[in-house]
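Reviewing the structure listed below.
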Amino acid sequence: MVMARKQATDKELADKLAAVEREGRDKPVDARELMAMVEGIVASMEGDLSPMSIKLYSELEQLAHFIQKAKSEIAQLRPDEIRDQHLPTATDELEAIVGATETATNGILNAVEQIENLTAEMPPAVAEKVSEAVTQVYESCNFQDITGQRISKVVKALQHIESKVDGLLSAFGDEMTKHRKDGASQGAPADASKQGASGDKALLNGPQLPQDAKGQADIDALFASLG
Amino acid sequence: MSIDMHMPILIVDDYKTMLRIIRNLLKQLGFDNVEEATDGSMALTKLRDKGFSLVISDWNMEPMTGIQLLREVRADAKLKDLPFIMITAESKSENVIAAKEAGVSNYIVKPFNAATLKQKLTTILGNF
């Protein structure tokens, strides 16, 4: 009878290991499943454990607990929020900077080109000085290209981080969903830059992205609607 | 021998603002026949369609970069001797070496000033 039960346990363990091997190709082994299997293996040994085996079991158990704790701590960092909110927001803000500096630079160039065109009507000595100043403005406008390229590099780095966080989230699977629900029930703030902010500080939103920004007409309408 | 200030010059950059700046600086220097392209492949098409006397190109563009354009130009029997200036923010030694090996006529690092542009043009074209 003891032999029959042992054989049944062995088969059950073998089936679990086979399942883990199959699933393990697509996702990491769950720490709790690992612990259950280790316990199953130990139980199936029916008291034949050597001191070395007991030590090994203890080490494996600690390892499983450590993995579980680490996963829980990482999940509390809310990598889903980092991927879904913070990184895209940072990317949008940077792209808005590029757009704004380009618009400003073109505005400066428009004005300076008009000034340059007027040099034909100026006394030669004045025209020469104005032309020199105009040249300096052209040279200074180089900054837009340089800052644009630098920001593009940062955006690429953020996109790389985003893909890594995405991989982390895939590895976490259901555990992330659990923490997301927990976070939602605690009313976790969506904007990390404002976490802990209250009162006037909570109103410091900074410039809005062009697609989100209100125009003066919107502000006037809102202002008027407030009575 | 004086140089032709009406020579056709092709400037290539994916930043419209930069094209505008280079065009304006060339205009101040007296060059009034300037055309633009926003990447290497567009530039190559223009170069093959029309005879240009000088190319001033950025490096970092898509889909065809400045260095790819340079290599295409040097590999083309009709264009291989065309003066080609690279104006780029790529300032690492390896970039300059690669451009030189590809046959660039001169290399200007952004941000640049009008005096540097004039100096490089003089080196290639002669005094003006």
Side-chain angles (χ1 to χ4, degrees), chain A residues 91 94-160 163 210, chain B residues 5 9 11-32 34 36-40 56-63 65-67 85-92 94-96 99 107-122 128:
Chain A
T91 305
L94 290 170
E95 284 172 351
I97 290 172
V98 175
T101 55
E102 188 172 357
T103 303
T105 306
N106 279 318
I108 292 166
L109 289 173
N110 284 340
V112 171
E113 282 169 8
Q114 285 182 43
I115 292 169
E116 189 174 34
N117 288 337
L118 292 173
T119 55
E121 300 167 25
M122 297 174 188
V126 176
E128 191 181 336
K129 284 182 180 171
V130 170
S131 287
E132 282 173 14
V134 165
T135 303
Q136 284 176 21
V137 174
Y138 289 150
E139 290 170 355
S140 299
C141 285
N142 265 305
F143 87 94
Q144 197 268 323
D145 181 39
I146 305 295
T147 51
Q149 289 192 44
R150 286 196 197 288
I151 289 172
S152 294
K153 282 171 82 171
V154 177
V155 168
K156 278 182 186 166
L158 285 175
Q159 285 165 346
H160 181 69
S163 71
Chain B
M5 302 308 284
I9 299 174
I11 53 177
V12 193
D13 203 304
D14 54 347
Y15 273 80
K16 296 264 171 68
T17 314
M18 187 50 65
L19 286 173
R20 198 169 167 183
I21 292 168
I22 297 171
R23 174 189 280 277
N24 285 340
L25 290 174
L26 286 170
K27 186 181 161 195
Q28 285 193 329
L29 293 172
F31 295 97
D32 58 6
V34 178
E36 300 174 357
T38 52
D39 84 287
I56 299 175
S57 176
D58 183 27
W59 183 311
N60 197 344
M61 300 174 291
E62 289 179 352
T65 65
I67 191 80
I85 297 177
M86 194 77 84
I87 296 188
T88 174
E90 304 290 347
S91 57
K92 286 190 174 178
E94 62 197 45
N95 289 92
V96 182
Y107 199 100
I108 299 174
V109 177
K110 293 176 184 173
F112 66 99
N113 57 37
T116 304
L117 179 62
K118 184 175 183 183
Q119 182 203 340
K120 303 303 178 193
L121 289 172
T122 305
F128 57 91

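For clarity, every value in this text was computed on a predicted model and none was experimentally measured. Throughout, protein chains are lettered first and strands after them, A, B, ... in sequence-line order, and every chain is numbered starting at 1.
Residue B:Pro111 comes nearest to A:Ile146 through the heavy atom pair N-CD1, 3.8 Å, listed as atom of the first residue, atom of the second, then distance.
Both the backbone and the side chain of A:Leu109 come within less than 4.5 Å of a heavy atom of chain B.
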Are there any donor-acceptor pairs closer than 3.5 angstrom between chain B and chain A, and if so, which ones?
unit_1   : atom_1 : unit_2   : atom_2 : d
B:Thr17  : OG1    : A:Gln144 : OE1    : 3.3
B:Arg20  : NE     : A:Glu113 : OE2    : 2.8
B:Arg20  : NH1    : A:Asn106 : OD1    : 3.2
B:Arg20  : NH1    : A:Asn110 : OD1    : 3.3
B:Arg20  : NH2    : A:Asn110 : OD1    : 2.2
B:Arg20  : NH2    : A:Glu113 : OE1    : 3.1
B:Asn24  : ND2    : A:Glu113 : OE2    : 2.8
B:Asn24  : ND2    : A:Tyr138 : OH     : 3.4
B:Gln28  : OE1    : A:Thr135 : OG1    : 2.5
B:Gln28  : NE2    : A:Glu116 : OE2    : 2.8
B:Gln28  : NE2    : A:Thr135 : OG1    : 3.1
B:Lys110 : NZ     : A:Asp145 : OD2    : 2.5
B:Phe112 : O      : A:Asn142 : ND2    : 2.7
B:Ala114 : N      : A:Glu139 : OE2    : 2.6

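Remark: A:Ile115 engages A:Val130, A:Val134 in a side chain to side chain contact (heavy atoms under 4.5 Å, CB included) (not counting sequence neighbours).
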